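Residue numbers start from 1 in every chain, and the chains themselves are labelled A, B, ... in the order their sequence lines are given, proteins ahead of strands. This structure is a prediction, so every number in the text was calculated from the model and none was measured.
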Amino acid sequence: MSARDNYRVFRATRASRVAAVLGLAVLVLLFAAPWWAGRAELRLLGEIFLYLSLAMLWNLLAGYAGFVSVGQQAYVGLGGYLLFALTIFLGLHPVAAIAAAGLAGALVAMPVALLIFRLRGAYFAIGTWVIAEVFRLGFAQLGALGGGSGISLPVDAARSLAEGRDAREAVSYWLTLGVATAVITIACLFLRSRRGLALTAIRDNELAAGSLGIDIWRTKFLVYVIVGGLTTLVGALIFLQKLRISPEAAFSVNDWTAFVIFIVVIGGIGSLEGPFVGTIVYFLLREMLADLGAAYLIVLGAVAIAVMLVAPKGLWGLVRDSTGLRLFPLGYRTEPKEKKGA
Amino acid sequence: MGEILSLASVTKSFGAVTVADALTYSLAEGEALGVIGPNGAGKTSMFNLITGTLPLDAGRITFLGHDVTRQNAAQRCRAGMARSFQVPQSFGGLTVFENAMIAATQGANLPGQEAEALCLDVLEQTKLMSKANVLASRLALLDRKRLELTRALCARPKLLLLDEIAGGLTDEECRSLIEMIRAIHVSGMSIIWIEHVVHALTAVVGRLIVLDFGKMIAEGNPKAVMESREVKEIYLGIETDA
Ligand SMILES: Nc1ncnc2c1ncn2[C@@H]1O[C@H](COP(=O)(O)OP(=O)(O)O)[C@@H](O)[C@H]1O
Ligand SMILES: [Mg+2]
């Protein structure tokens, strides 16, 4: 008998099964939020989902593909402006416009990737920021979209979501919940796949990954384009919540990249669980320190530095390293088969 | 038997240091070739050149009849080369089994279930099964070296390149490693094996080359090579109990 007959290989662990059941229960609870939460809570939850999505996406890019981008606001802003342009000029339904923005974002990400993949390390980071600035300056020139001072979403477009303010808020909320769920599902399925295994190998050791047959450039390109497309989609949804867009708000490096990096680094870069932990910590801090004004940013910075010193792999890294816990069934486990009749 | 690999005037320098000086030799299919030479002679660099992690300055590398000089490491791996790194390059955040799965799904390009079966077989062969669920970053050096061999085998290569995997082993471990590699070789695998432990090499390989300052200074039957004057000169103090 060879080893393949004596051992079995499995992917879901008890922890991942429990996490899946709990996750599903939370999802149902959140889906019902319009019936149990007030308008302010719904808005806060929606924002949490959007940040969780952005964090998931930035984590794929920086934590797995090794691209420390500080220019993801390029895609968020692009998404926002596409939502406005497609609804205003083409009369698209906002939901259709959001989907179209995602596709367009992926298309835009392709030439951008060709350009910035030539840059390494700090130059890559600077390159991504420069591209975001170019986008910002470009959109500020478009008079039809409000130029430098911005534009509001026409009332018709907002109304086409649903009749009545409460219904609109609910639909808008469900969209954020749906997109966050989709982003998490896509990230999880991707990392579970063959390509995802290749990406995880690249995360840990590029030299070995290349020598074991992984096309590093192609894998990273794929990740960059998927992340670019989904970030654009999330951006469109963000500005559907805001109903107003300006170049400053759309391409804000603080709002769409700095806070997202904070979330991922605090939570644990290079794991799927990290962004969840980071998002919870970020919003807890933000809600607790709301009265501090600008000092709140200083506290955030101090927390970030403290966590980086104590737990370089983030809070989830601490948990994982001490317990071996993995909540997503991405890995492989093996154990001897039960002997029949023994 | 045909040729599996051939190097023609393969040359590489880092500034003033020449690590490959017009290396020219070939390997027959199914042959096992040993490589020795002092530290810094360019042995690892030669593997880097063959496997594509280091670009050549000049020369040509032919693998299975194709010129692979311009192919990257991934393409050469998929074409059938796999190596172990002298300094282990594990995927630290993944388990031993997952490390093997990467080689099986990417290098050998096997679908899920076949890849899993291959990994199980190889882990048993390399005696790492008991560590299958351990994170690679938690392994001791010895097991990391075993993992290097495991991963290389899981890529199902036609040519296996081993870079000092016996260093630091006890006599018992070394014997079991020699048996393992001999079995792999007998099953038809072509092998190039860099090792300082000469008796381990000569137990498996049929031919030996000696590198010094990037140059091939001796080549041939292991016994004759070890007894040649050039080798004795650079190898004073290193065991020659072949
Ligand atoms: N990437 C590199 N850049 C500069 N010098 C290098 C590089 N890689 C190896 N060297 C140098 O090339 C020489 C040969 O190294 P190596 O091939 O590792 O030798 P060996 O494996 O025979 O001990 C050494 O002097 C080493 O310092
Ligand atoms: Mg070496």
Contacting region of [X] [heavy-atom separation from chain A under 4.5 Å]:
X	answer
Arg138(B)	side chain
Ala82(B)	neither
Leu135(B)	side chain
Thr53(B)	side chain
Pro111(B)	backbone

- Residues of residues 85-97 of chain B contacting chain A, heavy-atom criterion under 4.5 Å, by residue number: Phe85(B), Gln89(B), Ser90(B), Phe91(B), Gly92(B), Gly93(B), Leu94(B), Thr95(B), Phe97(B)
- Can you tell which of Arg151(B), Gln113(B), Arg83(B) has the highest number of heavy-atom pairs within less than 4.5 Å of chain A? Arg151(B)
Would you say [X] has more than 12 foreign heavy atoms packed within less than 6.0 Å of its [atom1]?
X	atom1	answer
Lys12(B)	NZ	yes
Arg70(B)	CZ	no
Tyr123(A)	OH	no

- Residues of residues 196-223 of chain A with any heavy atom under 4.5 Å of a heavy atom in chain B: Leu197(A), Ala198(A), Thr200(A), Ala201(A), Arg203(A), Asp204(A), Asn205(A), Leu207(A), Ala208(A), Ala209(A), Gly210(A), Ser211(A), Leu212(A), Gly213(A), Ile214(A), Asp215(A)
- Message: Report, in residue-number order, which members of residues 323-335 of chain A are under 4.5 Å from chain B by heavy-atom distance.
- Response: Arg326(A), Gly331(A), Tyr332(A), Arg333(A), Thr334(A)
Show the atom names and distances, to 0.1 Å, of all donor-acceptor pairs under 3.5 Å that link a side chain in residues 303-321 of chain A to residues at least two apart or in another chain.
| residue | atom | partner | partner atom | Å |
| --- | --- | --- | --- | --- |
| Lys313(A) | NZ | Asp321(A) | OD2 | 2.9 |
| Trp316(A) | NE1 | Glu273(A) | OE1 | 3.4 |

- Note on the structure: When rounded to the nearest 0.5 Å, the distance separating CZ of Arg194(A) from CG of Leu110(B) is 7.5 Å
